[in-house]
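The chains referred to below are lettered A, B, ... by the order of the sequence lines, with proteins before strands, and numbering in each begins at 1. If you're wondering where the values come from, they're calculated on a predicted model, not measured in any experiment.
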There are 2 protein chains.
Amino acid sequence: MSITIRDVAKKADCSIKTVSRVVNEESHVRPELRERVLAAIRETGYVPNISARRLVQKRSYVICLLLHAAGSFQSTLLSKVLEVGYEGNYDILVQTYYPIFSRSRKKVSDLIQQNRIDGLVTTPPCDSDPFLIDLINRSGLPHVHIAPLNPTGGTPYVSAEDFAGAYQMTERLIMLGHQRIGLLLGHRNQRPSLDRLFGYRAALEKHQIPINEQLLVDSENNFVGGSTATQILMNLNPPPTALFALSDESAAGALYRLNELGIPVPEKVALAAFGDLTISHQIWPGISAVKYPLEGIVEQAIQMLIALVEGTQPTSRQVILPTSIIMRGST
Amino acid sequence: MSITIRDVAKKADCSIKTVSRVVNEESHVRPELRERVLAAIRETGYVPNISARRLVQKRSYVICLLLHAAGSFQSTLLSKVLEVGYEGNYDILVQTYYPIFSRSRKKVSDLIQQNRIDGLVTTPPCDSDPFLIDLINRSGLPHVHIAPLNPTGGTPYVSAEDFAGAYQMTERLIMLGHQRIGLLLGHRNQRPSLDRLFGYRAALEKHQIPINEQLLVDSENNFVGGSTATQILMNLNPPPTALFALSDESAAGALYRLNELGIPVPEKVALAAFGDLTISHQIWPGISAVKYPLEGIVEQAIQMLIALVEGTQPTSRQVILPTSIIMRGST
DNA sequence: AAAATAATTGACAACGTTGTCATAACATGC
DNA sequence: GCATGTTATGACAACGTTGTCAATTATTTT
């Protein structure tokens, strides 16, 4: 039924191997014959069968992306993964991974053992699951972390300048006259949150502002966490004059709670965020943010992974991209 | 290097075909021999090579999801697709599809021709690209539309009660005393927008409120479109007392513009939306919305697709799910 | 002009499964 | 005990590609 390499060979009056050479752009084919083969391919509409190629080459041309949750971060990430993977001629298989479920671990294990994927990208918080990491490491499958919470071990990763970003934003807030800056920080045992906290501290120290531990509130990096932490911070006496949320979602939660409390932004309290996903500029007032270079991170990560898969030496195994500051109405 | 069916056969002292039968749970194997084979499989750690199986069976156990953009709608959708696909033992291959680019058409065409996928799900607005639809139809590949903009032809689809949802929300607004309700409608040539418009008209007619064409503004179903349309509507004299945005994103845009104009919501203008994705309840005030049953839609669609792939008769080829109304602070 | 080298081409095996068919072993009915 | 039917098993081809290696032809060198 379907058109195979044999049909093309017959039409072009040559061997199947020659057709294979033309298709794979190998050398050692006379231009004239090459043209004849290309014409035959056009006429027949031949497309190589990937399953056969995979079988003989023991490669799948598939990259697996492990995601934990569904959100703005993930969807931006995915869309960039698809774009870069596409350029490199890889299909993208998306798989959810919930560290608690042994089912998802089994699934990933099968994917690896059956040679169904050539490489694997993990996104936060998957990189913090030791079982998963161990599984991947033992398999020897190429893999790369995107923005790991826990960049330990030798796994290559791409991340951002958390320290510098937080430092710069904090300094901006100080320049605007703020001395009491509340920090909605994530988990202190996660590297990015910790680095951002250090950046915040460093900026305060530089400007000789004493650090008030009351202004540092641990919170979940999501809408509810941000909302709760804001309540705690605004109950202080005196309350902070600025809030710095270490994630987008918590910034959105903060703004919501401030609105509920009837506290005008930025008149009474300024608000800044680390992240800059869609929601930051789709709510009023726009939230000043440390722009997280997610698309750049993904691009580098996928290219790094493809390099690993194809055996070419990647230029480096740890890449840290710079952040930038975008000021909007909330400060 | 890797363990094949031959290794297992040697260990269990039988033919490879027998091992194949055991692996695929076919009948005609003596219990005693079956046990021996199972033991051999355990000992060797054998896992069937999927590429070989795919080659010979011309099946991939992969479902392709075509997405156009990255957003809240898409990420909710994806995460449900992964969940349901997972239950059915299918891998999910995600592919972006931009109707304008012939590249993406080529990519989809390759996926189909190379037997890399068993079935295909399209999401809006991919279903409106006649080239794509024609391509899929000619290939005979099982496929299903999710919430199509253009449900023509015989393609099975799953969608929601657009008419009823808009009718109910409009009626609610009328009950709240609104007579001048501005409508931010999408494209009039798209079925869901049109049905929602009809629902809106029907509710007004029912309550004997004359329809004012000035209050119907065509707009893109996104943030900017909503913002622009709101400006036009609020310039009317007198302006509407309520706005009904036919998508989430345009509602967010509307709220942003109202904030910019200093018009308080809901005091001066009420705002309602059709959709209810994340942003609706993460902005202040929460936006009253017609809840779009996206997860249910996806679930039905994937199950329908799997039924088509596996040849079992799907229960029905067109499914329409009911909507519900959630009132929040914006009305 | 002969020899050496390089480029071009094809025959055939291999990849690891499943499907087809033939055969062997066993059970059943008379 | 024989014919018949059923169950169990295996030999071998097929799937459509790429890799290996040998054979042929063109090009360069001596």
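Put simply, CG on B/Asp13 is 12 Å from C1' on D/dT9, counting in whole angstrom units. Between A/Arg6 atom CZ and C/dA11 atom C1' there is a gap of 12 Å when expressed in whole angstrom units. Rounding to whole angstrom units, CD1 of residue A/Ile5 and P of C/dA11 are separated by 13 Å. What separates CZ of B/Arg59 from C1' of C/dT18 is a distance of 14 Å, to the nearest Å. Residue B/Glu32 contributes atom CD, which lies 15 Å from atom P of C/dA25 at whole-angstrom precision. For A/Glu26 and C/dT8, the CD to C1' distance is 13 Å, given to the nearest whole Å. Nucleotide D/dG16 holds its P atom 14 Å from the CD atom of B/Gln57, rounded to whole Å. Distance CG (A/Asn115) to P (C/dG16): 10 Å, rounded to an integer number of Å.
Side-chain atoms of B/Glu299 and B/Val158, non-hydrogen and from C-beta on, never get closer than 4.5 Å to each other. Between B/Ser159 and B/Pro148 there is a side-chain heavy-atom pair separated by less than 4.5 Å.
Scored by the side-chain hydrogen bond (donor to acceptor under 3.5 Å, both in side chains) test, A/Ser75 finds no partners at all (sequence neighbours excluded).
Both A/Tyr46 and B/Cys14 lie close to DNA chain D; mapped to their nearest nucleotides by heavy-atom distance, the more 5′-ward contact belongs to B/Cys14.
Taking the ring centre of A/Tyr61 as origin, the terminal cationic atom of A/Arg59 falls inside the region bounded by 6.0 Å and 45° from the ring axis.
Across all strands, B/Ile50 comes closer than 4.0 Å to no nucleic acid atom at all (heavy-atom distances). Nucleic acid contact for B/Arg54: none, since no nucleic acid atom lies under 4.0 Å from a heavy atom of the residue.
Side-chain atoms of A/Pro48 lie closest to D/dT17 of the nucleotides C/dT9, D/dT17, D/dA8. For A/Arg53, taking side-chain heavy atoms from C-beta onward, the closest of the listed nucleotides C/dT18, D/dT17, D/dG19 is D/dT17. Of the candidates C/dT17, D/dT7, D/dT17, D/dT7 carries the atom nearest the B/His28 side chain, counting heavy atoms from C-beta on. When distances are taken from the side chain of A/Thr18 to each of C/dT9, D/dG10, D/dG16, the shortest belongs to C/dT9.
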Provide a list of protein-nucleic acid N or O atom pairs under 3.5 angstrom, restricted to nucleotides 11-15 of chain D.
unit_1	atom_1	unit_2	atom_2	d
D/dC15	O3'	B/Lys58	NZ	3.4

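Heavy-atom minimum distance, A/Glu87 versus B/Arg103: OE2-NH2, 3.6 Å.
A salt bridge between A/Arg54 and A/Asp118 is absent, with no side-chain N of the basic residue lying under 4.0 Å from a carboxylate O of the acidic one. Note on B/Glu25 versus B/Arg34: no salt bridge recorded, every NZ/NE/NH1/NH2 to OD/OE distance being 4.0 Å or above.
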